[in-house]
Amino acid sequence: VRTFDVVVGGAGLAGTISALRAQELGSKTLLLDAADSAGDGSNTVLSGGIVHAAMQDPRSQSDVLLPHILQAAGSGARPDVARAFADGCAAVLLWLQERGVRFDIDARRGSPQAVFAPPRSLAQLDGWRSVGGHAALTILRARLIAAGGTVVSGQRVTDIRWRSGSGVEGVLIVPEQVTIRTPSVVLADGGFHASDDLRKRFIGPAADRVVVRGSMLSLGDGLKMAESIGAKLYNTRFFYGHCLHRDALVNEELWPMPILDDLVEAGVVVAADGAQLFETGFGGIGVANELARLPDPTSAWVVVDHATWLASARPVGWPTAHPDLERRGAMVYCAPDIRRLAEVIGAVADRLQEAWSRLMLERVAGKIASRSSPREVGPFRAIPMVPGITFTMGGPLINGQAQVLDEQERPLAGLFAAGGSAGGLQGADVTGGYVGGLAPAAVFGFIAGTGAAMRSRCIP
Ligand SMILES: Cc1cc2nc3c(=O)[nH]c(=O)nc-3n(C[C@H](O)[C@H](O)[C@H](O)COP(=O)(O)OP(=O)(O)OC[C@H]3O[C@@H](n4cnc5c(N)ncnc54)[C@H](O)[C@@H]3O)c2cc1C
């Protein structure tokens, strides 16, 4: 039986940072990854590389970040976890820079945000090698190996060896079918978004029919392992994701973008019969979550006026609904007025007209944010939707030290979780409850690596 001080399951941003941190603190560390080449199947390499904390500059002071984090997370954040995230952002960014990870600053979306350099273009999906998150992981992994750490690809962590009273004793890895002895395990598998069964169990009865717009390797092994030893599961209903054009189910050019958030936020979301589905005020992430819970998550449409449609062509640095949907072969249904649009999409004209009129009233009353004018100007467009899930926001509950907690919220000795594997920071709000992907992975990866190394020092 091989023995390590710390074993980390998953070599995305959270896991790689955990492993490097633990190794630098003197722990003999093993980083395992399910992909044939560590990290290459991860969300970290697919991502746009924008490192933000609730859309704020992550270099900001903790007291500046915390209110934004709490507001964005809604009821999703545990106070100690939110505080640890706010406290850790600037310091972990600096720690990464000191290890050679490079950042650019991008202010195109409002507040300046750090972006992994060289920046990755989300307009070229397969162009992730040597840029963005991939560049960062490559640097950190090289550091880990140079510091004496071990990286093994093509192996999944699937079981925890656990003794009540003393805690973690090891893990089983497959397909090698080997037990590794260790007192400290960090779960960093990215979440459970790629598991049809777990999406159906936690998100909605037909959530196996949503589009996975992230890594296909995050199958919830971490959640299952934690659950098997009594971890409390937290906010597992919620995911970070966006509404996509329904054709994304069959047309690869529509994966994982353009997203329809601008349209959803300024237009009206209706069922197949034209009836309004949700109150206005749901953000794009919130609507994606609600659609995923429907008996048929592919049944909804978003209806917008001409001004909203044109306004969606914003210079954000990635494909936008207009003009990229049509450029990529997606069907956008158009008619000069709402009643004729109902005919085109097979909806009931009175219902669609009622849904649209209600939106107009709310716009005029200033109840909804809209980038377009409150006047009703055609032509009108209807776009069929499917929710796309990027990563799950819930999972085994952690505390501010990234320790996984049991049902009584006591630490499960030796078990840590970070990034998409961990619950406790986000989810649970109609606006989405999203505070970030890369920054939480970095901060809690660092905290978990620290805690895992400390524990291994105390266990002979
Ligand atoms: C298209 C896209 C764009 C995005 N853009 C942004 C952005 O600009 N900003 C932002 O903040 N977030 C963004 N995100 C989200 C962000 O990428 C993730 O939140 C973040 O990368 C999560 O890091 P992680 O380490 O938790 O998981 P991942 O990076 O997914 O890493 C998980 C790793 O675990 C491995 N694994 C899985 N199961 C096992 C197992 N049992 N044993 C061992 N290894 C296992 C996988 O192979 C993978 O390498 C984006 C995501 C996508 C898909």
Side-chain angles (χ1 to χ4, degrees), residues 7-19 30-55 58 106 109 113-116 119-120 122 125 128 132-134 136-137 140-141 151-160 171-175 185-195 211-225 239-242 244 255-257 259 316-319 388-393 395 417-422 425-426 434-445 448:
V7 173
V8 180
L13 191 64
T16 306
I17 290 177
S18 273
L30 171 64
L31 175 63
L32 293 154
D33 197 78
D36 291 342
S37 177
D40 276 6
S42 68
N43 264 2
T44 300
V45 302
L46 286 175
S47 80
I50 302 165
V51 185
H52 64 85
M55 299 298 168
D106 186 340
R109 286 160 290 271
Q113 291 161 349
V115 182
F116 285 132
R120 143 164 172 65
L122 279 171
L125 268 184
W128 48 263
H134 185 253
L137 288 187
L140 295 170
R141 231 176 16 248
V151 180
V152 173
S153 301
Q155 298 292 332
R156 304 190 85 87
V157 182
T158 56
D159 275 293
I160 294 185
V171 287
L172 175 74
I173 62 172
V174 297
V185 170
V186 179
L187 305 174
D189 69 352
F192 64 86
H193 53 262
S195 163
V211 169
V212 176
R213 65 181 295 278
S215 163
M216 293 308 293
L217 293 166
S218 294
L219 294 166
D221 294 325
L223 180 146
K224 287 189 259 183
M225 284 186 275
F239 63 86
Y240 171 67
H242 300 283
L244 302 176
W255 182 97
M257 297 198 170
I259 61 176
V316 280
W318 52 67
I389 175 166
T390 313
F391 69 87
T392 40
M393 293 201 272
S421 289
L425 180 62
Q426 46 192 339
Y434 172 63
V435 305
L438 294 166
V443 169
F444 288 100

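Every number for a ligand or one of its atoms is a count from 1 in the order of the listing.
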Quiz item: Which atoms form the tightest heavy-atom contact between Val51 and Ala439, and what is the distance?
Solution: CG1-CB, 3.9 Å
Practice problem: Give, for atom NZ of Lys224 and atom CD1 of Ile160, the distance between the pair rounded to the nearest 0.5 Å. | Solution: 13.0 Å
Quiz item: Is the ring centre of His52 less than 6.0 Å from the ring centre of Tyr434?
Solution: yes
Quiz item: Mind checking what makes side-chain hydrogen bond (donor to acceptor under 3.5 Å, both in side chains) contact with Ser421, not counting sequence neighbours?
Solution: Asp189
Quiz prompt | Criterion side chain to side chain contact (heavy atoms under 4.5 Å, CB included) on Arg213 and Ile259, from CA distance to verdict | solution = CA-CA 11 Å; Arg213 65 181 295 278; Ile259 61 176; 3.8 Å; yes
Quiz item: What does the list of residues with a heavy atom under 4.0 Å from ligand 1 look like, ordered by chain and number?
Solution: Gly9, Gly10, Ala11, Gly12, Leu13, Ala14, Leu32, Asp33, Ala34, Ala35, Gly39, Ser42, Asn43, Thr44, Leu46, Ser47, Gly48, Gly49, Ile50, His52, Gln155, Arg156, Val157, Ala188, Asp189, Gly190, Arg213, Gly214, Leu217, Asp221, Pro256, Thr390, Phe391, Gly419, Gly420, Tyr434, Gly437, Leu438, Ala441
Quiz item: Is the backbone of Ala11 close enough, under 3.5 Å, to the side chain of Thr16 for a donor and an acceptor to pair up by distance?
Solution: yes
